[in-house]
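Below, chains carry the letters A, B, ... as their sequence lines are ordered, and counting in each starts from 1. Below, each value reflects all heavy atoms present in this structure, side chains not excepted, and no hydrogens, waters or symmetry copies.
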Protein chains: 2
Amino acid sequence: MRVTPQPVRRQVEERLREAIITSRFMPGEHLSDRMLGDVFGVSRGVIREAVRLLEAEGLIKVVPNRGPFVAFLSAAEATQVYEVRAVLEALAGQGFAERASTEEIAELREVFEELAATRPGTDRMVLLNLKRRFYGVMLRGCRNAYVARMLDQLLNRNSQLRATTLSDPKRLPQTIAEIRRIVEAIERRDPGAAWAACREHVHQAAQVALRILNQQARDEAAQGLEVALD
Amino acid sequence: MRVTPQPVRRQVEERLREAIITSRFMPGEHLSDRMLGDVFGVSRGVIREAVRLLEAEGLIKVVPNRGPFVAFLSAAEATQVYEVRAVLEALAGQGFAERASTEEIAELREVFEELAATRPGTDRMVLLNLKRRFYGVMLRGCRNAYVARMLDQLLNRNSQLRATTLSDPKRLPQTIAEIRRIVEAIERRDPGAAWAACREHVHQAAQVALRILNQQARDEAAQGLEVALD
DNA sequence: ATTTGTCAGATTGTCTGTCAATATGACGAG
DNA sequence: CTCGTCATATTGACAGACAATCTGACAAAT
């Protein structure tokens, strides 16, 4: 078996993507190519290529002559992301119900049970990783590389927001119930029900996420007011 | 007014994208960075950055240690693309019906009338450009940058196939009728009908496209047989 | 005190040259 | 005809350089 080692560029892409998704680089932060070159121990050329890729994925926003910045997700954009996510996730669920193997369905159930077994107060990163595994199975099993790639990008794009909503202790049981409906529809091989359950799940998540975003906006406005009154 | 000239890199990205979409570079063709550097008159670094971006858009496939190639769309992939396009286009149509301004609706009608007025035998590129203008209005008016970006990528990805199906003289009246239904639903501000009409339009296009793809596959198989018999 | 102007320093955008690792294609041996 | 071997071309990656542009600070002017 021929094993081609991954080029340095790919490793940098992955590490940088992961760093942004896990908020090791904060939204709005300036990603100077020299600085990144030092951090990752590679040349500017490699960094610039990796940045271009993550720019196309929407994780990085490049301002001409000022360089790359970690993309910031406004409330308006979040609304749009959830709108698209709803239909793509529905399509993925439908495809999975139609085309996944019985082994893949069992695997989905397995990950779901792990998620359902978490106790309140579980670390948000643990929860997010479980959910990511769930999506991993889903996107492989739906047999559509395009929906997989696009949905993956969207999930990365608002992973920070998802970590927040997912770890809301009051919301978790509700979330699990929604996902259970997805899994059950898939086990029944009912594409229509899977579609509807996925869509409903994203809609519910959007509700919570937007409430949190608006709350944050209010907080910041209040803080801005305090600062102004200093 | 501050006018920042577009960086060379952006121009190369655009020109390369356009060249691939319009089949000036054929699918499967090897895009050596030195060669592209000569063609566009820029350094390898700029080319490599542009390639990375188009790679993320799916127009270019990079093989490790062999470089970039113009992406090839198999019949299986085309099926997947149409599946995703159907829901994204439906979402765009729905959003347009809900949120576009009356001026934008008038503009959509205008472009549609131009398309409807074409006579049989019109050049495929003229038709494709009209359809691109139609989508341009649609994607701006749907007020969702994410669905716009993703749908744009998908449309670029299979523009070659679209040019073929659009210019099929037997298919054109049918196509126009489908698009008329979209425009009329939008003019009625009926999001549900717009959704359904868009979906139906893509489904129909997919039927034709896949028939053509399978026909091509048969042709190539036959040709391969001849060659084998030489 | 606020605005405007200027200037040094840092960063981006781009080019050139270099070098190791890998793939390609031709050539000759078996 | 098939299988190694080798020269050549290309990719992947690095370093250094330099003009254009942005930033932030400080000085001048209103």
Requested in this report: Grab the CD-C1' distance between A/Glu29 and C/dT11 for me, whole Å please.
Outcome: 16 Å
Report task. Using whole Å, report how far CZ of B/Phe69 lies from C1' of C/dT24. Result -> 11 Å
Requested in this report: In whole angstrom, give the distance that lies between atom CG of B/Asp33 and atom P of D/dA9.
Outcome: 15 Å
Report summary line: Of the listed D/dT21, D/dT10, C/dT11, the closest approach to the A/Asn65 side chain comes from D/dT21
**Report entry** Rounded distance (Å) that lies between atom P of D/dG12 and atom CD1 of A/Ile47
**Finding:** 17 Å
Query raised in the report: Is any NZ, NE, NH1 or NH2 atom of the basic residue among A/Arg140 and A/Glu103 found under 4.0 Å from an Asp or Glu carboxylate oxygen of the other?
Result: no
Query raised in the report: Is A/Arg66 near enough to D/dT23 that one of its side-chain N or O atoms lies under 4.0 angstrom from OP1 or OP2?
Result: yes
Query - Side-chain (B/Asn214) to main-chain (B/Leu210) donor-acceptor, under 3.5 angstrom - result: yes
Query raised in the report: From D/dA13, C/dC15, D/dT10, pick the nucleotide closest to the side chain of B/His30?
Result: D/dT10
Query raised in the report: Does the pair B/Glu13/A/Arg52 count as a salt bridge with the N-to-O cut at 4.0 Å?
Result: no
Query raised in the report: Rounded to the nearest Å, what distance is computed from the CZ atom of residue B/Phe40 to the P atom of nucleotide C/dT14?
Result: 14 Å
Query raised in the report: What integer distance in Å separates A/Arg44:CZ from D/dC18:P?
Result: 14 Å
Query raised in the report: Looking across every strand, which nucleic acid part, if any, lies under 4.0 Å from B/Ser43 by heavy atom: base, sugar-phosphate, or nothing?
Result: base
Query raised in the report: What is the nucleic acid contact for A/Arg48, judged by heavy atoms within less than 4.0 Å: base, sugar-phosphate only, or nothing?
Result: base
Query raised in the report: Atom CD of A/Gln6 and atom P of C/dT22: how far apart are they, to the nearest Å?
Result: 15 Å
Requested in this report: State whether the number of non-hydrogen atoms from other residues, nucleotides or ligands found under 6.0 Å of A/Gln160 atom CD is greater than 12.
Outcome: no
Query raised in the report: Given atom CZ of B/Arg9 and atom C1' of D/dT21, what is their separation to the nearest angstrom?
Result: 14 Å
Query - Test item: B/Phe25 and B/Leu36 side chains (from C-beta on) under 4.5 Å apart, heavy atoms - result: yes
Query raised in the report: Nearest to the side chain of A/Val8, which nucleotide is it out of D/dC14, D/dA13, C/dC15?
Result: D/dA13
